[in-house]
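Count residues from 1 along the sequence. Remember, it's a predicted structure, so these values are computed and weren't measured experimentally.
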Amino acid sequence: MHELYTVLAEYYDAIYRRRAKRVSREIDFVEELFQNEAEGEVRKILDLACGTGIPTLELARRGYQVTGLDLHEEMLAVARRKAGAEGLDIEFIRGNALGIDFEEEFDAVTMFFSSIMYFDDSAIQELFNSVKRTLRPGGVFVADFPCWFYGGSDGPIVWDEQKGDERLVITDWREVEPAFQKLHFKRLVQVLKPDGSVKTFLVNDELNIYTPREMRLLAEKHFRKVKIYGDGHELRPSDRRYWLVAVK
Ligand SMILES: C[S@@+](CC[C@H](N)C(=O)[O-])C[C@H]1O[C@@H](n2cnc3c(N)ncnc32)[C@H](O)[C@@H]1O
């Protein structure tokens, strides 16, 4: 498990290059959510499961005081290097999102790019408790997660990317256990070197599927105000990505 965040950490940004291009639009929407839903100004943000810092750095570029936290040192090393190169002052902490012990220190907590799917029914309750403790009253938690019930094939999706002089060929597929709402996410990454040699990595992750209604009901046990948005707007029937917005 977690090969994507350890042995492949240096390739993460190349694998998700297309998503990184959309991050500015993503953060425009998050800023709208801060303005519409948080009670009081948002200045200080804790970005949980920050990974290589794709959204973390964008928040810092916009002037927020940001702390990034992630389980994997390999991901944080990439994030620190990128922040240093841009002269951004971001504190990066290695830790488990479930073990955080901040007391009402942040105006907002964020968790981007489906990271919330790593938490099962009981862990997500623990996560909500930790986030709630971390937020000041009126502070907001924002997390996005995908729709896995959308029609379409579960068969392999293949694409390629370039990282320096290496070519990456990425093959994704998924296996869903409907009864348990578990998603087994599989990814084969082949790294083709200029000398013709190939390195192969297999990613095998287990994720938890939540519907918007389930997410809302779970969050309502912990937060005063909970709303599920669609991707960049109010929730619509055709949305394929959802945003949980929960106010302490
Ligand atoms: C899909 S990546 C998202 C990274 C980043 N938020 C982004 O938007 O690119 C998921 C991240 O969650 C982190 N992660 C998984 N479980 C975690 C936990 N219990 N506590 C902290 N980080 C965790 C992984 O190390 C990985 O960096």
- Item | Contacts of type salt bridge (charged side-chain N to carboxylate O under 4.0 Å, His left out), residue Glu37, not counting sequence neighbours | Lys225
Check: [Y] main-chain N/O paired with [X] side-chain donor or acceptor under 3.5 Å:
{"X": "Glu74", "Y": "Leu76", "value": "no"}
{"X": "Arg133", "Y": "Ile100", "value": "yes"}
{"X": "Lys132", "Y": "His222", "value": "yes"}
{"X": "Lys163", "Y": "Leu168", "value": "no"}
{"X": "Thr56", "Y": "Thr52", "value": "no"}
{"X": "Asp70", "Y": "Gly51", "value": "yes"}
{"X": "Asp144", "Y": "Trp243", "value": "no"}
{"X": "Gln65", "Y": "Arg43", "value": "no"}

Taking the side chain as everything from C-beta on, heavy atoms only, tell me whether [X] gets closer than 4.5 Å to [Y].
{"X": "Val23", "Y": "Phe113", "answer": "no"}
{"X": "Ile54", "Y": "Glu58", "answer": "no"}
{"X": "Tyr210", "Y": "Gln181", "answer": "no"}
{"X": "Leu71", "Y": "Tyr5", "answer": "no"}
{"X": "Ile90", "Y": "Asp47", "answer": "no"}
{"X": "Leu46", "Y": "Phe102", "answer": "yes"}
{"X": "Leu48", "Y": "Val131", "answer": "yes"}
{"X": "Val189", "Y": "Tyr11", "answer": "no"}

- Note on the structure: side chain to side chain contact (heavy atoms under 4.5 Å, CB included) test vs Val245 passes for just one of Leu33, Ile228, Val226, namely Leu33
- Task: Evaluate side chain to side chain contact (heavy atoms under 4.5 Å, CB included) for Tyr12 paired with Val78, printing each intermediate quantity in order.
- Result: CA-CA 9 Å; Tyr12 182 90; Val78 177; over 6 Å; no
- Message: Assess the residue pair Arg187 and Glu3 against the criterion (salt bridge (charged side-chain N to carboxylate O under 4.0 Å, His left out)); give the C-alpha distance rounded to whole Å, side-chain angles, the decisive distance to 0.1 Å, and a yes or no.
- Response: CA-CA 10 Å; Arg187 167 172 290 169; Glu3 297 84 356; over 6 Å; no
Are the charged groups of [X] and [Y] less than 4.0 angstrom apart, N to O?
{"X": "Lys44", "Y": "Asp107", "value": "no"}
{"X": "Glu234", "Y": "Lys227", "value": "yes"}
{"X": "Arg18", "Y": "Glu161", "value": "yes"}
{"X": "Glu39", "Y": "Arg136", "value": "no"}

- Query: Looking only at heavy atoms, which two atoms of Ser114 and Pro146 are closest? And how far apart?
  - Reply: OG-CD, 3.3 Å
Nearest-0.5 Å distance that lies between atom [atom1] in [X] and atom [atom2] in [Y]:
{"X": "Leu59", "Y": "Thr67", "atom1": "CG", "atom2": "OG1", "answer": "11.5 Å"}
{"X": "Asp120", "Y": "Gln125", "atom1": "CG", "atom2": "CD", "answer": "10.0 Å"}
{"X": "Leu192", "Y": "Thr200", "atom1": "CG", "atom2": "OG1", "answer": "8.5 Å"}

- Message: Can you tell me how the ring of His2 sits relative to the ring of His72, calling it parallel under 30°, perpendicular over 60° and tilted otherwise?
- Response: perpendicular
Pairing donors with acceptors under 3.5 angstrom, does anything connect the side chains of [X] and [Y]?
{"X": "Asp205", "Y": "Tyr118", "result": "yes"}
{"X": "Arg62", "Y": "Ser24", "result": "yes"}
{"X": "Tyr64", "Y": "Glu31", "result": "yes"}

- Task: For Arg19, look at atom CZ and say whether over 12 heavy atoms of other residues, nucleotides or ligands are found less than 6.0 Å away.
- Result: yes
- Task: Kindly indicate, with the supporting measurements, whether the criterion side chain to side chain contact (heavy atoms under 4.5 Å, CB included) is fulfilled by Asp239 and Tyr229.
- Result: CA-CA 9 Å; Asp239 275 315; Tyr229 280 83; over 6 Å; no
